[in-house]
Protein chains: 2
Amino acid sequence: MPSPRKNILVTGAAGYIGSHIALCCLLSGEYSVVTIDNFSNSFPEGLKRVTKIAQDALPADATEEDKKALEIEVFRGDITLKEDINQVFEAYKSKGGIWGVIHVAAHKAVGESGEKPIQYYENNITATINLLSIMEKYEVYRIVYSSSATVYGAPKQIPIPETSVLAPESVYGRTKHMSELILKDVCDSKPDLWRAIGLRYFNPAGSHPSGEIGEDPRGKPGNLLPLLSQMATGKFAEEGLKIFGNDYPTPDGTCVRDYLHVMDLAQGHVDALAALLRDDIFQNQASGTGFGGSGGKYKAYNLGKGKGMSVLQMVEAMRKATGFDYKYTIVGRRTGDVPDLTADPSLANKELGFTCKYGLEEMARDQWGFNKKYPQGYETKK
Amino acid sequence: MPSPRKNILVTGAAGYIGSHIALCCLLSGEYSVVTIDNFSNSFPEGLKRVTKIAQDALPADATEEDKKALEIEVFRGDITLKEDINQVFEAYKSKGGIWGVIHVAAHKAVGESGEKPIQYYENNITATINLLSIMEKYEVYRIVYSSSATVYGAPKQIPIPETSVLAPESVYGRTKHMSELILKDVCDSKPDLWRAIGLRYFNPAGSHPSGEIGEDPRGKPGNLLPLLSQMATGKFAEEGLKIFGNDYPTPDGTCVRDYLHVMDLAQGHVDALAALLRDDIFQNQASGTGFGGSGGKYKAYNLGKGKGMSVLQMVEAMRKATGFDYKYTIVGRRTGDVPDLTADPSLANKELGFTCKYGLEEMARDQWGFNKKYPQGYETKK
């Protein structure tokens, strides 16, 4: 008997966010996961652990078949090549087909994107176009897309609603904005077939409470939380922590961001998969996309807590979680940083049923949980 | 002795605009032309005639070598495939290299673009990214890009300066806008190397006065002038001419567009190639791009006459040129049409030395010239 689970292709499922999305898909009981990943910034080991966590969560009377449905089929491949994507869809023709896609794979470093724009456009735009082309070929018309709060640039209104002007200020942000525009045009071209939801991530943090999977970037982390967490293992001690500006118009002068637990973020994707089947959310489009209304079924949602935290608040939370005494120096503002990026997540709350269950303390605890258990990340020897 | 001409890769040189650009490159005496074309909407015959016209224009004492330098090397290939582009640059490594690129190849039908967005993004965006990637690999950092007045959408100010808000209202227009943004980001990433000029075309019309090359779209022409010209050969007679709206706020109620002779447009590309070498034009960027200033060397220019002509004026001009008695019916406005799209070309006049030498009468004469001589286009039997 074939599994009653629907097959979801999660691109880049081995990465930090992808692995948590894959896990939430499996934990939902609704979905099986297949992935295509080139492991450019991730490790296959993460996917094995995702399966293990999901299997451990099965009831005691689970069958071998139930366990097997939680295995993640991995296609090692590069989504900038259409033939690599094609092989996945072709292979699944005889396995009930791909029901829907969660497109996570992308290059994601804002600073680097300005230095290597061609690579970023190739990985984030050509790849998205390739994926849509192959999806259309195999008549798979459901997609949830990883967008980013960077599409807003420096927003005029805080908290930021989805209807804000989209004016990204980095190459990375433009790749996300363009991908949303492309998705919208594709949905408009065949309103009876295509359905897509773009999820604009604010600042994901933490990891699954088991500490088995987590954020393991190659080299020095570009983001605050993984850096703080790795520093607590003794790394980057000589370089210390630099805080870019403490003279912003915020309560303590440091930048404010909207951190949310990665398990909440990941669950938002499972919520979005379910929402793809609903007609009502696509009817009042102009309220949600920031594009203005049209006939097609594309809609974008903010995934954030709606509550901002400053850099100093995050350092303090990580100090409590790790016991590490962070030394920092205040240096000048960093080009492109804006004082406050706090989401208005009310649309996702209302239409997707998205909620944030985890608080700041748990984010810090779970960010540290993975690094504490695996100080060398996925390459830690047991 | 190698030719002193610089090698220019003109993508899509067999097409209507590409063939006139190739011709102006050859006529300049400065450039040789190589092309990559998949002949999806064009014929190889056009390129042979370009060479013939250029050879006929040589002085009587021209050598065989002079004639040979006017031959256009054709690589049959698809620029959505990186390896096809790569072969051109690889082949030219031993021939002095590619000096610069004029990127013309694209899908260009506004209406169709909304129906087939994936194809348009693939042909117009993936292809541009591929081209830039291979250019960077072979250290070719000069490019002139075929943009379009559609990047302005419905402009607030007529005539339209380059600093207008860019708000395209079609998939086609978005592919051109995104390509400009990508070019700008690439130029910003390496300001000492990359130089790019985007040329925003208004409405090219006519053909080389010899009538040997011209506009030969597959199927019924989507644009007014080629349709009128083909109608004069007896085609599409039963369907008649439809004019979409005569209640626009224009002198005669029909839409006003900025028609310019394709030889003037093509010469603008030769002007732009020369301008790539100048530093001054890139210094006051904000005045030209509509993006705001930055450190990189990207700049966009309008190519138009700066003088609008209404649909009815064009019908009358074509009646005079062809002697054909056009019957037309006024039907409702067409979605997406705006009343007036007239360029402000003063920036291109001033900084590129771009001028329009041909008038309306010559545009109509030369539009008809090709169809009169070749009623079945390039497939006409002699």
Side-chain angles (χ1 to χ4, degrees), chain A residues 78-83 111-137 141 153 165-175 177-191 194 196 291-292 294-296 298 335, chain B residues 78-83 111-137 141 153 165-175 177-191 194 196 291-292 294-296 298 335:
Chain A
D78 185 338
I79 57 172
T80 67
L81 303 171
K82 272 169 95 171
E83 56 269 31
E112 185 186 57
S113 73
E115 295 158 22
K116 301 175 178 174
I118 298 174
Q119 273 187 32
Y120 271 72
Y121 282 114
E122 203 161 7
N123 269 280
N124 296 6
I125 295 291
T126 302
T128 300
I129 297 167
N130 284 347
L131 184 61
L132 293 168
S133 172
I134 301 294
M135 286 177 69
E136 190 154 80
K137 177 178 166 191
Y141 298 111
V165 172
L166 303 183
E169 299 191 342
S170 66
V171 171
Y172 171 74
R174 276 187 282 284
T175 68
H177 182 207
M178 289 180 190
S179 291
E180 283 203 37
L181 291 168
I182 292 169
L183 283 166
K184 179 172 187 299
D185 282 333
V186 168
C187 288
D188 284 348
S189 72
K190 293 181 181 166
W194 278 101
F291 294 136
S294 73
Y298 176 72
T335 313
Chain B
D78 186 337
I79 56 170
T80 67
L81 302 171
K82 273 169 91 169
E83 56 270 30
E112 185 186 57
S113 72
E115 293 159 21
K116 300 175 177 174
I118 298 174
Q119 274 185 32
Y120 271 70
Y121 282 114
E122 203 160 6
N123 269 281
N124 296 8
I125 296 289
T126 300
T128 300
I129 297 168
N130 283 347
L131 184 60
L132 293 168
S133 172
I134 300 296
M135 286 177 69
E136 190 156 79
K137 178 179 166 189
Y141 298 110
V165 172
L166 303 181
E169 298 191 341
S170 66
V171 171
Y172 171 73
R174 276 187 283 284
T175 68
H177 181 208
M178 288 181 193
S179 291
E180 283 203 37
L181 290 169
I182 292 169
L183 282 166
K184 179 174 186 299
D185 281 334
V186 168
C187 288
D188 284 348
S189 73
K190 292 181 181 166
W194 279 100
F291 295 135
S294 72
Y298 176 73
T335 312

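Everything numeric here is computed off the predicted structure, so don't read it as measured data. Chain A is the first sequence line, chain B the second, and so forth, proteins listed ahead of strands; every chain is numbered from 1.
- Residues A:D185 and B:Y121 bring a donor and an acceptor atom of their side chains to less than 3.5 Å of each other.
- The salt bridge (charged side-chain N to carboxylate O under 4.0 Å, His left out) contacts involving residues 123-135 of chain A comprise nothing, where partners must be two or more places apart or lie in separate chains.
- Here the closest non-hydrogen pair linking B:G153 and B:E169 is CA-CG, 3.9 Å.
- When each of B:T128, B:L81, B:I182, B:V186 is scored by its heavy-atom pairs under 4.5 Å with chain A, the top score falls to B:I182.
- Contact of the B:E122 side chain with the A:K82 side chain is registered, since non-hydrogen atoms from C-beta on lie closer than 4.5 Å.
- The contact between A:E136 and chain B is made entirely by side chain atoms (from C-beta outward), counting heavy-atom distances below 4.5 Å.
- With a threshold of 4.5 angstrom between heavy atoms, B:E115 approaches chain A through N, CA, C or O but not through any side-chain atom.
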